[in-house]
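What follows is a set of notes on a single structure, which appears directly below.
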Amino acid sequence: MADTSFMEKLVALCRRRGFIFQSSEIYGGIGGFWDYGPLGVELKRNIKDAWWHDHVTNPPLGPDGDEIQMVGLDCSIIMNPKVWEASGHATGFADPMQTCRHCKKLFRADQVKPQLQDAEWYKELCGLWAPGDHAPINALRRWAEKRGPRMAPGLALVRDTDAVLQAIGQVRVDSGGRDPQAERFFSHYIFGADGEHFASDACPNCGGDLTEPRMFNLMFESHAGAVQSDDNKVYLRPETAQGIFANFKNVLDTSRVKIPFGIAQVGKAFRNEINPRNFTFRSREFEQMEIEFFCREEDAMDWYQFWRHQRYNWYVNLGLKSDKLRLRDQGKEELAHYSKACADIEYLFPFSDEHQELEGCAHRGNFDLTQHAQHSGKDLSYFDDEAWQRDAAKFADNKDAAKAAKEKPPYRFLPTVIEPSAGADRAALAFLCEAYTEDSKPDAKGVMQTRVYMRFHPRLAPIKAAFFPLVNKEGMPDLAYQLYRDAKQHMNVFYDDGGSIGRRYARMDEAGTPFCVTIDGDTIKPDGENAGTVTIRDRDTLEQVRVRTGDVVGWLRARVGSGQAP
RNA sequence: GCGGGUGUAGCUCAGUGGUAGAGCGUCACGUUGCCAACGUGAAUGUCGUGGGUUCAAGUCCCAUCACCCGCUCCA
């Protein structure tokens, strides 16, 4: 069950604590665009840094136990428009849509006919007469009065039976099969808003008439150069992946990578969503973390399996431990025509009853490189020199055969691509939802108090630790500040001496800070059991341990991760 | 894009055509002895925006924008 009140509380906390603001808020906002505040930017940076670190700087071991080869890339957002012709976005991202005037449902124009043929009311109506008959006025009237109102309340025949039947009565239905004659009959004389004007299509849901198809182009357009014309029209990229494919040859020629290897990119992408919704989930400007992993076709299924597990585990290890996260293999009917397999990593967000996609791991075959090779006219094939050197001796005595063999697999080929493509903002939203926790328990006066805290993985937490003097006297603030300064060399930490200690803990709980270091009377004592130690309080368990002042930074670093290789 | 709902301080909300309010939070000072303590004081509003009706509009009317709920979507 979708929990909208949960979502409202989370959105309120994000706003209150400075995680996420609506873009351009002082001007009334703008739909589908969001700003990350001081805490949000740290969270998102930590997510992107963790991703980059775990896949590029320090990539995992592959199925064979060897480290995976990965390199990074940062492409421009605006590219030559031909890129989008080659990728299919120029056409595939521009779907004409139609709305039903009666029930207001929205349809992709190319889906109306197939859906119509599946509609029960349509099938019944088609079954009312045999080929070559005159229009079965009486049967139509009976149907319109009995079954029509329930099955197709929007149909003109149902809403305005007399007028439509009168129009139909003047028309002779010529001989011929039920299709296409019947289809034409229906489309011209039964689906209409009124007696004078008949629409050509009917709503598969209710039979009502549809608006003209309208284009929804999901790519943002701009112009390169001061003068706007069709000649210099450009697009903001709808995905970062195409920049990787377009640079495939450059990376190959300059980085000494050998197949199998991956190219990773983190960057903004833009989609002019019809209806942005659900906080930052469907934004018009968003950030992707994408890998294109190039391999031999015969190894591709193994790499596909590897990446889909790898990427799923990455989310689990960073805190999406609940059963809300799932790995779902797409059915055959969902796959793009060139794709052999695709798995979605999905999260059950509180705003929905259905799991929503965080990331897609797709086996794309060599579709993208093929497309770009064709459209650019450039050779994007890979030559496996190692394999050739191994086999060259076989062709030693036949130069022509050698030349021919070198141009074909297994020596020269277009690599197959496995694409783990993740949404950074969706990941951030999932981590925020998963982290949000409420505890209720009575306070000292017996009044129930709700504690709200963000249970981020320490690696993702915007602030790693806070430093408090228990009270502002006896040198505690100075010592706390000094420890804070020491820790700040290594991680993002926060100093606070305002308000009661409980309030300061609560503030850090909402920010998701995993550890609070408190300097108390024992810290400043020259001797005694706890002399020279501070308390470190755990955000989730509320437990405190005493740690020597000199060990605090090391203690924290061991637990929060520094973003560097462990 | 279409239908329904909402919009007043950072947050939650009151305000029934006549002076812009409360609680919480924030800030300052005092206090403080481990989980949103207390005292004193302070700052904070294009009442979403623009028009209209009216002597007078947060309140009535129109338009518009944003958000929420559906239709649709897939990083």
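As a basis for the values below, the full set of heavy atoms in this structure was taken, side chains included, without hydrogen atoms, waters or symmetry mates. In what follows, chains are A, B, ... by sequence order, proteins preceding strands, each numbered from 1.
No side-chain heavy atom of A:Arg311 sits under 4.5 Å from any side-chain heavy atom of A:His309. Between A:Phe367 and A:Ser339, the closest side-chain pair of non-hydrogen atoms is not below 4.5 Å. Side-chain atoms of A:Phe270 and A:Ile77, non-hydrogen and from C-beta on, do get closer than 4.5 Å to each other. A 4.5 Å side-chain heavy-atom check between A:Leu218 and A:His89 finds every atom pair outside the cut-off. Looking at heavy atoms from C-beta onward, A:Leu236 lies in side-chain contact with A:Ile78 at the 4.5 angstrom threshold.
Between B:rA14 and B:rG45, the distance separating the two C1' atoms is 15 Å to the nearest Å. Spacing between B:rU8 and B:rU49 at atom P, rounded to whole Å, works out to 10 Å. Atom P of B:rC62 sits at a distance of 15 Å from the matching atom of B:rG3, rounded to the whole Å. Atom name P, nucleotides B:rG1 and B:rA36: the rounded distance is 48 Å, in whole Å. Atom name C1', nucleotides B:rU44 and B:rG10: the rounded distance is 9 Å, in whole Å. Taking atom P on both nucleotides, B:rU59 is separated from B:rG52 by 14 Å, rounded to a whole Å. Look at the P atom in both B:rA56 and B:rG7: the space between them is 26 Å, to the nearest Å. Between B:rU26 and B:rA37, the two P atoms lie 10 Å apart (nearest whole Å).
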Please list each protein N or O that sits under 3.5 Å from an N or O in nucleotides 21-29 of chain B, with the distance.
unit_1	atom_1	unit_2	atom_2	d
B:rG25	OP1	A:Arg503	NH1	3.2
B:rG25	OP1	A:Arg503	NH2	3.4
B:rU26	OP1	A:Arg507	NH1	2.5
B:rU26	OP2	A:Arg503	NH1	3.2

Between the protein and nucleotides 41-47 of chain B, which nitrogen or oxygen pairs are less than 3.5 angstrom apart?
unit_1	atom_1	unit_2	atom_2	d
B:rU46	O4	A:Ile26	O	2.8

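Atom CD1 of A:Ile501 and atom C1' of B:rU32 are 10 Å apart (whole Å). Atom pair A:Asp353:CG and B:rG70:P shows a separation of 8 Å (rounding to whole Å applied). Spacing between atom NE2 of A:His89 and atom C1' of B:rC74 amounts to 12 Å, rounded to whole angstrom units. Atoms CZ (A:Phe349) and P (B:rC68) sit 14 Å apart, rounded to a whole Å. Going from atom NZ of A:Lys9 over to atom C1' of B:rC67 covers 19 Å, rounded to whole Å. When the P atom of B:rU72 is taken as reference, atom CD of A:Gln356 falls 13 Å away, rounded to whole Å. The interatomic distance linking A:Leu542 (CG) with B:rC34 (P) rounds to 15 Å, in whole Å. Computed from coordinates, the A:Glu438 CD to B:rA36 P distance equals 16 Å when rounded to whole Å.
Between A:Arg537 and the phosphate of B:rC35, there is no side-chain N or O to OP1/OP2 separation shorter than 4.0 Å. Applying the 4.0 Å criterion to OP1 and OP2 of B:rC67, one finds that A:Asn278 has every side-chain N and O outside that range.
For the pair A:Arg284 (side chain) and A:Gly31 (backbone), a donor-acceptor distance under 3.5 Å is present. Distance alone, capped at 3.5 Å, places no donor-acceptor pair between the A:Thr523 side chain and the A:Gly532 backbone.
Closest approach to the A:Tyr505 side chain among B:rC35, B:rU32, B:rG33 is made by B:rC35 (side chain taken as heavy atoms from C-beta onward). Of the listed nucleotides (B:rC67, B:rU32, B:rA75), B:rC67 has the atom at the smallest distance from the side chain of A:Gln22.
Every residue meeting the side-chain contact (heavy atoms from CB on, under 4.5 Å) condition with A:Ala435, not counting sequence neighbours, appears here in chain and number order: A:Met454, A:Phe456. Contacts of A:Asp509 classified as side-chain contact (heavy atoms from CB on, under 4.5 Å), with partners at least two apart in sequence or in another chain: A:Arg451, A:Tyr453, A:Arg537, A:Arg539. Applying the side-chain contact (heavy atoms from CB on, under 4.5 Å) criterion to A:Ala487, with sequence neighbours excluded, gives A:Phe467, A:Val493, A:Val553.
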Original post:
Where do A:Thr240 and A:Glu290 land on the side-chain hydrogen bond (donor to acceptor under 3.5 Å, both in side chains) test, with the steps shown first?
Top reply: CA-CA 7 Å; A:Thr240 60; A:Glu290 292 199 294; 2.5 Å; yes
**OP:** Give the C-alpha distance, both sets of side-chain angles, the deciding distance and a yes or no for side-chain contact (heavy atoms from CB on, under 4.5 Å) between A:Glu359 and A:Arg426.
**Re:** CA-CA 9 Å; A:Glu359 171 162 352; A:Arg426 290 186 173 184; over 6 Å; no
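Between A:Asp425 and A:Tyr36, the side chains place a donor N or O and an acceptor N or O closer than 3.5 Å (distance only, hydrogens not considered).
For B:rA75, its base never sits under 3.5 Å from the side chain of A:Glu346 at any donor and acceptor pair. Not a single donor-acceptor pair, N or O on each side, falls under 3.5 Å between the base of B:rC35 and the side chain of A:Arg504.
In RNA chain B, consecutive stretches of 3 or more Watson-Crick or G-U wobble pairs with both distances under 3.5 Å are given as paired ranges: B:1-7 with B:65-71, B:10-13 with B:21-24, B:26-30 with B:38-42, B:48-52 with B:60-64.
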